[in-house]
Amino acid sequence: MKVNKHYQELEESYLFSTIAHKVADYQAAHPDADIIRLGIGDVTLPLAKSVVQALHEASDEQGRKETFHGYIPSEQGYPFLREAIQRYYAGRGVALDTAEIFISDGAKSDLGNLLDLFDADNTVLVPDPVYPVYVDDNVMAGRRITYMPASAENHFLPMPDENTKADIVYLCSPNNPTGATYTRSQLKVWVDWANAHDAVILFDAAYECFVSEEGLARSIYEVEGAKTCAIEVCSFSKIAGFTGTRCGYTIVPQALARDGMNLNKMWLRRQTTKFNGVAYIVQRAAAAVFSEDGMREIQQNLDYYRRNAAVIAAALDEAGVWYCGGKNSPYIWLECPAGMGSWQFFDWLLDTAHVVGTPGEGFGRCGEGYFRLTAFGDAERTKEAAARILAALKTLG
Ligand code: PLP
């Protein structure tokens, strides 16, 4: 028998294990050091009250014969949730048919599963640096991967030019790790390019809820022409703290066809064959996010994280350190000061400020020399961390 040898081509990801080891070693050597972690992208606030209430109510329904729900009538998701998402998009001028909305157990699964729709003999274009999952999903399938460098020069928002060639393009906006966010006019250039080149854009909108500035896109479908070239993947993880509850959604437009086949129909077929839907109670919880109370509570949580981002940004401003993100994103992407490399800065910050972040190099070669801090921490600890970072940076002169 033969196994999928492409798994041998995967590079080991040492990023978070190396960080964990370094922090553990440091703590062992300095037992009194009060270390603050601003490294991991997980949320820290609990689920909103309305969401928890929906979980309780739905659990009770599952315990009564009259209201029990078994297999989900449609693997695509309950109409009540798909309609709530439809209204959420309509609220910003994007018209979707509920047949275009597919409920998932999170963005990560669908970012990988969507590749079932595409031949292995396609070229994939991935930004560097970026969420590492895109690369590994394609390495496993043996696809050719090319990279588009993101840097301070292109504001960490790579754009296509006359030489850009690819069948599948990943765009992540607001970006993890850089926090950089495409404007609608920039996305229009990508959409026109994809339509002209018969390519498909996989648009990861997991952080759309953080976008607050005018002119920036929260969905690629805010751009004319996107429905004939783009699939959008989104998540309840960051908007509503579902990282441990698991729910997301994917939009595959009915107008999206390639190579003589309709991708919406293909995805429906794929999902009905390989997926049995998301738990009823979780879908009820996700729908509660869009209720009036849910939205209000969730905005309070997002504002909490936004304030954390502002506190970190203010410290970097005062220290004169270059960064992007933080405004429309929970991530702050800074240039390591004094010419330090990513890991060098990691060690220096841990030792000088007892603060942990993520070396940019872990997200791609172009991340070398940069560093990611997250706003998902506790507010008081973030203030303390920002004060320590500022004091440490000042010692560099
Ligand atoms: N997409 C990006 C860019 C992410 O950063 C993450 C998680 O950190 C995900 C997707 C995964 O989202 P989910 O929790 O819905 O699987």
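Just the heavy atoms: all of them, side chains too, but no hydrogens, waters or symmetry mates, feed the values below. Whatever order the structure lists them in is the order used to number ligands and atoms, beginning at 1.
- Listed by number with element, the atoms of ligand 1 under 4.0 angstrom from any heavy atom of Ser235 are 12 (O), 13 (P), 15 (O).
- Looking at Asn176 next to ligand 1, an N or O pair under 3.5 Å apart turns up.
- Close approach of ligand 1 to Gly106 (heavy-atom distance below 4.0 Å) involves ligand atoms 15 (O), 16 (O).
- Checking Arg82 against Tyr78 by side-chain atom types alone, no donor-acceptor pair falls below 3.5 Å.
- Distances shorter than 4.0 angstrom occur between a heavy atom of Cys172 and an atom of ligand 1.
- At the top of the distance list for atom 14 (O) of ligand 1, counting protein heavy atoms only, stands Ser237 OG, 2.6 Å.
- Residues Asp198 and Arg258 are paired through a salt bridge, judged by an N-O separation under 4.0 Å between the basic side chain and the carboxylate.
- With no hydrogens or angles considered, no side-chain donor-acceptor pair links Ser50 and Asp293 at under 3.5 Å.
- Annotation: atom 7 (C) of ligand 1 to nearest protein heavy atom, Lys238 NZ, 3.5 Å.
- Contact annotation: for Phe236 versus ligand 1, there are no heavy atoms closer than 4.0 Å.
- Between the CG atom of Asp128 and the CZ atom of Arg365 there is a distance of 7.5 Å, given to the nearest 0.5 Å.
- Taking atom 16 (O) of ligand 1 as the reference point, the nearest protein heavy-atom neighbour is Arg246 NH2, 2.8 Å.
- Residue, atom and distance of the protein heavy atom nearest to atom 2 (C) of ligand 1 are Asp204 OD2, 3.3 Å.
- A salt bridge does not link Arg381 with Glu384: none of the charged nitrogens is closer than 4.0 Å to a carboxylate oxygen.
- Listed by atom number, the atoms of ligand 1 under 4.0 Å from Lys108 heavy atoms are 11 (C), 13 (P), 16 (O).
- Looking only at heavy atoms of the protein, atom 11 (C) of ligand 1 is closest to Tyr131 OH, 3.3 Å.
- Salt bridge status for Asp42 with Lys238: absent, with no side-chain N to carboxylate O gap under 4.0 Å.
- Among Tyr207, Phe242, Tyr331, Tyr249, the residue whose heavy atom lies closest to atom 5 (O) of ligand 1 is Tyr207.
- Heavy atoms from both the backbone and the side chain of Ala107 come within less than 4.0 Å of ligand 1.
- The existence of a salt bridge linking Glu318 and Lys394 is confirmed by a sub-4.0 Å separation between a basic side-chain nitrogen and an acidic carboxylate oxygen.
- Using a cutoff of 4.0 Å between basic side-chain nitrogens and carboxylate oxygens, Arg144 and Asp121 are scored as salt-bridged.
- Checking each of Glu222, Glu214, Glu224 against Arg184 for a side chain to side chain donor-acceptor pair (under 3.5 Å) leaves exactly one that passes, namely Glu222.
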